[in-house]
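By convention in this document, chain letters (A, B, ...) are assigned in the order of the sequence lines, proteins followed by strands, and residues within each chain are numbered from 1.
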Amino acid sequence: MRLSRDFFYTLREDVRDEDSASGNLLTRAGMIRRVAAGVYMMLPLGLRAMEKIEAIIREEMVRAGSVELRMPALIPEDVYIASGRREAFGASMFALRDRGGRPFVLGPTHEELFAVAARQAIHSYKDLPLSLFQFQTKYRDEPRPRFGLIRVREFVMKDAYSFDLDLEGLGRSYQAMFDAYKRAFDRMEIDYAIVTADTGAMGGLLSEEFQALCPIGEDILVMNEETGYAANLEVAACPRPEPSSEEHRAPRKVPTPGQKTIEDVTRFFGETAERFVKTLIYLADGRPAAFLVRGDHEISEVKAMKLAGCHELEMAPPEVVEEVTRAPVGFAGPIGLEIPVYADYSIMAMANMITGGNEADMHIVDVNLEDFSVTASGDIRQIHEGETTPESGGPVHFRRGIEIGNTFKLGEKYSMAMDLFYTDSDNQRRPVVMGSYGIGPGRCLAAIVEQNHADGRIFWPRAVAPIEVAIVVVSTKNETQVAVAEGLYESFQQAGYDVLLDDRDERAGIKFNDMDLIGAWLRVTVGRGVAEGKVELKLASSDEVEEVAIADAPARVAELLGR
RNA sequence: CGAGGUGUAGCGCAGUUGGCUAGCGCGCCUGCUUUGGGAGCAGGAUGUCGGGGGUUCGAGUCCCUUCACCUCGACCA
């Protein structure tokens, strides 16, 4: 690109309303621009970085034996009704109607359509295995877009889908994708962790996430480096405590005027939070249910949904709480509740607990398991940093991550829903076993910038740098400089580099700063040195400036670029 | 969806108890001077003050309403 004639600009100051370093730097570098909340323009330089990321992913997909195609983004609504996900996605789906009033949606993910597509090609066990992928724009009406490209409402996703005879075949297909993902992220030089995760609305048997390690990440990762344990906080298993050996006392009521929160009552009773029970009233698929966790614990809604076997879980509104507990919010307890009661394992190990009294300004002390009924117990809380689980083999600590990729073993869920079957060698009709695999190139881009920036400049990993060589003409009024720069520009273009010629009529300082901001990998400065037949080479990653003869420049540049 | 906040020039911002022709910095344009890390001087252009309605002699400023955006929470593959 030739800057004097290209679509190129930079901003000197941070932009208001961009809350992340990557959002700000990419905006300031003129690579992206926000149009609406969670909707961005991809400007030439940003597009080039995206294309490099996509090219890496595409290469690894093809190497893993996957075949590229492209689905529409505009999809008849009934495709998602068939799988039951129209309801599951709910308001986060962009929905519209055509002129005839027929309902369409903008696809948030494409499992259904791929199953429909596969139905045409898969009839026999001889047609399997099969792996397909696409790069396609996804639409999700996120309640709260944020962090630049990290949480957006329109974004490109590379999604791949595998189709196999059985679980064994799925295992092989899954592994091939898993390895391809590792190669792709390694090539982008992203610092990432692989964690086990919730299968959530996707459904299925196994989910793993590739998480770019980064302080602004929205996911909390539970890790132990020594044993390699890594799980998303949503699913990280908690240790199960030994039952208390305390002798059970008889429950008695204690007036606690105005003491509503755990903080209030711990102060009031002078006891630690571990002696208290939090009774949380939720609506599980619309029906009230109580969830019990220890006072010092936080509920994991993902785990709670699994225990309760529901698809939707939301905190009950105050009216419902008051109705089921017959008390104001803040005094709920398990005794006498006429709704399902789900207890965390830690509750099952407690004795002489302090709970709400289901009565205004009243708590009950010395409550024991025999004093109330539990519908089911399980692990429904979030693990704390420093705890050890059997799986982790040692104390865990937390990191934050940006989910840049995920892999799902889906099993038969979508095959059954979308009628995707094959005939096996015994002439039996069997559902195809599916897997699905996603990568967000835009999140990769944002994560790379988050992990590689300093002093208001971007330091690109070699493989994704949108500009490999930037030629800076110090003075565009100096004909010799211009001629030399033009010659090098021509030569680098012929060599196939991603090259930029800064021939703008600006002061040198402005050009140097802009090249730093956009993160040109190698800078060739054509300035006063041309009088002696020399130009300067400087890598973004180094402060050293190297003078070379003009004639030697192409060879030296090729060497530095590793070409 | 709940709570809080912000909308004034391309970008970042100021604008007093309502009061003259709405300002500042950067950017932009012209000229001169300069030319190796965001130059200097002089001159200049650019505004539906988010939109609509109202109060008032007079509204960027007060009131009502609406939209957009941001933060925290809720929610969410």
Side-chain angles (χ1 to χ4, degrees), chain A residues 9-20 23-24 27-28 30 33-39 80 83 85 88-93 107-111 138-148 151-153 155 157 159 197-204 207-210 218-219 232 234-235 282-283 301-302 305 311-318 403-408 410 436-440 443 455-457 472-478 481 502 504-517 523-531 534-536 538 543 545 547:
Chain A
Y9 65 88
T10 57
L11 301 175
R12 294 201 177 197
E13 293 173 86
D14 279 352
V15 179
R16 187 176 49 162
D17 294 349
E18 278 297 350
D19 46 353
S20 63
N24 246 308
T27 302
R28 287 187 49 203
R33 185 177 162 191
R34 180 159 58 195
V35 181
V39 183
Y80 291 91
S83 68
R85 288 210 294 180
F89 280 113
S92 63
M93 249 182 180
T109 173
H110 282 81
E111 279 74 12
K138 311 293 185 194
Y139 296 87
R140 296 180 191 180
D141 196 357
E142 295 283 349
R144 196 142 91 78
R146 60 178 141 178
F147 298 143
R151 183 161 292 267
V152 287
R153 296 193 292 174
F155 61 100
M157 180 188 276
D159 42 328
D198 178 40
T199 50
M202 302 293 295
S207 166
E208 291 176 283
E209 293 170 340
F210 289 72
E218 296 182 275
D219 289 307
N232 195 304
E234 293 175 340
V235 298
Y282 275 87
L283 291 176
E301 294 188 356
V302 166
M305 279 165 73
H311 302 292
E312 218 181 330
L313 194 66
E314 55 175 337
M315 289 290 282
E403 186 189 347
I404 49 174
N406 55 24
T407 51
F408 289 96
L410 295 174
S436 95
Y437 317 89
I439 294 180
R443 279 193 175 176
D455 305 323
R457 39 189 302 200
V472 171
V473 186
V474 171
S475 171
T476 51
K477 295 204 172 62
N478 181 312
Q481 288 183 21
D502 194 347
R504 293 175 297 170
D505 183 18
E506 294 286 0
R507 300 172 62 82
I510 289 178
K511 299 185 186 185
F512 292 150
N513 274 303
D514 278 350
M515 294 309 103
D516 288 344
L517 172 59
R523 193 179 78 203
V524 179
T525 307
V526 182
R528 57 190 168 215
V530 293
K534 293 189 166 162
V535 294
E536 294 157 28
K538 184 187 164 301
D543 289 331
V545 175
E547 275 206 326

**Report entry** Side-chain heavy atoms of A:T407 within contact of A:F210, under 4.5 Å
**Finding:**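 Yes - at least one pair of side-chain heavy atoms lies under 4.5 Å apart.
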Query - pair A:R34-A:E18: side-chain heavy atoms closer than 4.5 Å - result: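 Yes - at least one pair of side-chain heavy atoms lies under 4.5 Å apart.
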Query raised in the report: For B:rC72, does OP1 or OP2 lie under 4.0 Å from any side-chain N or O of A:R146?
Result: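 For A:R146, the contact criterion (side-chain N or O under 4.0 Å from OP1 or OP2 of B:rC72) is met.
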Query raised in the report: So, is A:R12 close to the B:rG27 phosphate, meaning a side-chain N or O under 4.0 Å from OP1 or OP2?
Result: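 For B:rG27, OP1 or OP2 has a side-chain N or O of A:R12 closer than 4.0 Å.
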Gap in Å between the two [atom1] atoms, one belonging to [N] and one to [M], rounded:
N: B:rC67; M: B:rA22; atom1: C1'; answer: 24 Å
N: B:rC26; M: B:rG40; atom1: P; answer: 8 Å
N: B:rG36; M: B:rC24; atom1: C1'; answer: 32 Å
N: B:rU6; M: B:rG10; atom1: P; answer: 22 Å
N: B:rU46; M: B:rG38; atom1: C1'; answer: 23 Å
N: B:rC13; M: B:rG52; atom1: C1'; answer: 27 Å
N: B:rC11; M: B:rC28; atom1: P; answer: 15 Å
N: B:rU56; M: B:rC64; atom1: C1'; answer: 16 Å

Rounding to an integer number of Å, can you tell me how far [X] [atom1] sits from [N] [atom2]?
X: A:E506; N: B:rC28; atom1: CD; atom2: C1'; value: 11 Å
X: A:R16; N: B:rA68; atom1: CZ; atom2: P; value: 17 Å
X: A:R443; N: B:rC76; atom1: CZ; atom2: C1'; value: 11 Å
X: A:D514; N: B:rG37; atom1: CG; atom2: P; value: 15 Å
X: A:L11; N: B:rG10; atom1: CG; atom2: C1'; value: 9 Å
X: A:M315; N: B:rG2; atom1: CE; atom2: C1'; value: 13 Å
X: A:M515; N: B:rG36; atom1: CE; atom2: P; value: 17 Å
X: A:L283; N: B:rC75; atom1: CG; atom2: C1'; value: 14 Å

Give none if [N] has no partner; otherwise give the nucleotide forming a Watson-Crick or G-U wobble pair with it, both distances under 3.5 Å.
N: B:rC49; result: none
N: B:rA74; result: none
N: B:rC57; result: B:rG19
N: B:rC28; result: B:rG44

Describe the nucleic acid contact of [X] in one word from base, sugar-phosphate, nothing, applying a heavy-atom distance below 4.0 Å.
X: A:V472; result: nothing
X: A:T525; result: base
X: A:F210; result: nothing
X: A:K477; result: base
X: A:E18; result: nothing
X: A:G30; result: nothing

So, does the side chain of [X] form a donor-acceptor pair with the base of [N] at under 3.5 Å?
X: A:R523; N: B:rG37; result: yes
X: A:D516; N: B:rG37; result: yes
X: A:E13; N: B:rG25; result: yes
X: A:E536; N: B:rG36; result: yes

Requested in this report: Test A:T525 against every option in A:D502, A:V530, A:V474, A:V535 by the side-chain contact (heavy atoms from CB on, under 4.5 Å) rule and name the one that passes.
Outcome: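 Going through the options one by one, the only one that passes is A:V474.
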Please determine, for the side chain of [X], which listed nucleotide ([options]) has the closest atom?
X: A:V15; options: B:rG38, B:rC11, B:rC70; answer: B:rC11
X: A:T10; options: B:rC69, B:rG38, B:rU35; answer: B:rG38
X: A:F512; options: B:rG12, B:rG36, B:rC69; answer: B:rG36
X: A:R144; options: B:rC69, B:rA74, B:rG12; answer: B:rA74
X: A:R507; options: B:rC69, B:rA39, B:rG38; answer: B:rA39
X: A:A37; options: B:rU71, B:rC69, B:rA39; answer: B:rC69

Query raised in the report: Going by atom types only, do A:S436 and A:E111 share a side-chain donor-acceptor pair under 3.5 Å?
Result: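 Indeed, the side chains of A:S436 and A:E111 share at least one donor-acceptor pair under 3.5 Å.
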Query - Side chains of A:E209 and A:N232, donor plus acceptor under 3.5 Å - result: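 Distance-only check passes for A:E209 and A:N232.
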Query raised in the report: When you match A:E234 and A:R34 each to their closest nucleotide on RNA chain B, which lands nearer the 5' end?
Result: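 Its nucleotide being nearer the 5' end, the pick is A:R34.
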**Report entry** Toward the 5' end of RNA chain B, by each residue's nearest nucleotide, A:N513 or A:R151
**Finding:**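 By nearest-heavy-atom nucleotide position, the 5'-most residue is A:N513.
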Query raised in the report: Stepwise, does the salt bridge (charged side-chain N to carboxylate O under 4.0 Å, His left out) test hold for A:R28 with A:D14?
Result: CA-CA 7 Å; A:R28 287 187 49 203; A:D14 279 352; 3.5 Å; yes
Report task. Take A:R457 and A:D455, measure what salt bridge (charged side-chain N to carboxylate O under 4.0 Å, His left out) needs, and give me the verdict at the end. Result -> CA-CA 6 Å; A:R457 39 189 302 200; A:D455 305 323; over 6 Å; no
Query raised in the report: Where do A:T109 and A:R85 land on the side chain to side chain contact (heavy atoms under 4.5 Å, CB included) test, with the steps shown first?
Result: CA-CA 10 Å; A:T109 173; A:R85 288 210 294 180; 3.5 Å; yes
